[in-house]
Protein chains: 2
Amino acid sequence: MYTISDLAEQFGVTPRTIRYYEELGLLTPSRTEGGRRIYTASDVTRLKLVFRGKRFGFSLDEIKEMVLLFDEDRTGEKQLKVTIQYGEEKLAEVNERICELVEVREEIERLLTEFKGRLSE
Amino acid sequence: MYTISDLAEQFGVTPRTIRYYEELGLLTPSRTEGGRRIYTASDVTRLKLVFRGKRFGFSLDEIKEMVLLFDEDRTGEKQLKVTIQYGEEKLAEVNERICELVEVREEIERLLTEFKGRLSE
DNA sequence: TATACCATTCACGTTAACGTAAAGAGCAAG
DNA sequence: CTTGCTCTTTACGTTAACGTGAATGGTATA
């Protein structure tokens, strides 16, 4: 069980950021008797997903769509098929991203060896 | 040689976006006699880098720092060393990103096989 | 139980990254 | 050379993602 400033410190943001995410429906922590927010371990993993999404340039709305979709109860064949469809699209996107990053890495390595070569003259 | 709306269409943005990037110093296209912007192939590659940066969640300021650094004339040993230092930092970042994305991919694949298993019952 | 420090909810402010509208000028086609 | 479209600058508007008080209330500790 964590307080809001615990999480804020852990993720390097302000409490306001966490409250804002709740305002958007990304989190729904429970409260104490006195009305204070308390966060569980599953809130922490949820937050990890959110920040990971941010690191890859997704908007908070897109992130919401993703975390909620993979979080709902996937009973019902139709729902399950839709989820699988969505998951495969996301998988393709991720694969493209990886390819692109690998290209970027090769480009940087190429530049680095060129610069180092110039330096040793 | 391209007009501003050529590039806008090619990259799926509005001319205003391209002008805004110029305003920030990300591009410096030449002009016709009448004052209209004309873009060369090297402007196109520059723009590709910009949009690639955006896809990975960098701000336009960070992108500017990167494209300008790798674009200047790298004479002078000191400048060269600074550039190499910077490049190695970026390389480490890119490698981290790749690792993270590979984890995401495994997670998605895990979820997909689980859902598909449930579907075939 | 007092006090010092958290927390809470408004509510307005800020910045990045453009959108949009107005007023004028370039330019290709007929 | 005029018509119609595209381009130019200027300038104000917009939205996402928070920042920053202000006023108030909970809570651990001396």
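Order of the sequence lines fixes the chain letters, A, B, ..., with proteins taken first and strands second; residue numbering starts at 1 for each chain.
Both tests pass for Arg97(B) against the ring of Phe58(B): distance under 6.0 Å to the centre and angle within 45° of the axis.
Among the nucleotides dC18(C), dT9(D), dA17(D), the one closest to any side-chain atom of Tyr20(B) is dC18(C). Side-chain proximity of Lys54(B) to dA17(C), dG19(C), dC7(D): nearest is dA17(C). Nearest to the side chain of Tyr21(A), among dG19(C), dC18(D), dA7(C), sits dC18(D). Candidate nucleotides dG19(C), dT9(D), dT9(C) were compared by shortest atom distance to the side chain of Arg37(A), and dT9(C) ranks first. Side-chain atoms of Arg36(B) lie closest to dT8(D) of the nucleotides dC18(C), dT20(D), dT8(D).
Checking the phosphate oxygens (OP1, OP2) of dG19(C), a side-chain nitrogen or oxygen of Thr14(B) falls inside 4.0 Å. The side chain of Thr32(B) contributes an N or O atom lying less than 4.0 Å from OP1 or OP2 of dC27(C). Residue Thr17(A) places at least one side-chain N or O closer than 4.0 Å to OP1 or OP2 of dG19(D). At the phosphate of dC7(D), OP1 or OP2 sits under 4.0 Å from a side-chain N or O atom of Ser5(B).
Between Leu119(B) and Phe115(B), the closest side-chain pair of non-hydrogen atoms is not below 4.5 Å.
With rounding to whole Å, Ile18(A) atom CD1 is found 12 Å from dC18(D) atom C1'. Here the P atom of nucleotide dC6(C) and the CG atom of Leu7(A) are 16 Å apart, to the nearest Å. Distance, Arg16(A) CZ to dC12(C) P: 13 Å, rounded to whole Å. Taking atom CZ on Arg31(A) and atom P on dA7(C), their separation rounds to 13 Å, with Å as the unit. What separates CD of Glu22(B) from P of dT10(D) is a distance of 12 Å, to the nearest Å. Between the CG atom of Asp6(B) and the P atom of dT6(D) there is a distance of 12 Å, rounded to whole Å. In this structure, the OH atom of Tyr39(B) is 11 Å from the C1' atom of dT8(D), given to the nearest Å. Nucleotide dA17(C) holds its C1' atom 8 Å from the CG atom of Leu24(B), rounded to whole Å.
Nucleic acid contact class of Leu60(B) (heavy atoms, under 4.0 Å, all strands): sugar-phosphate only.
One hydrophobic cluster, built from ILVMFWY side chains closer than 4.5 Å, holds both Val44(B) and Tyr21(B).
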Could you walk me through whether Glu77(B) and Lys81(B) pass salt bridge (charged side-chain N to carboxylate O under 4.0 Å, His left out), step by step? CA-CA 6 Å; Glu77(B) 187 177 324; Lys81(B) 279 183 179 173; 3.4 Å; yes
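Taking for each of Gly34(B) and Ile38(A) the nucleotide of DNA chain C with the nearest heavy atom, the 5'-most of the two is the partner of Ile38(A). Position along DNA chain D of the nearest nucleotide to Gly35(B) versus Phe58(A) favours Gly35(B) as the more 5'-ward residue.
A distance-only check finds no donor-acceptor pair linking the side chain of Thr17(B) to the backbone of Val13(B) [under 3.5 Å].
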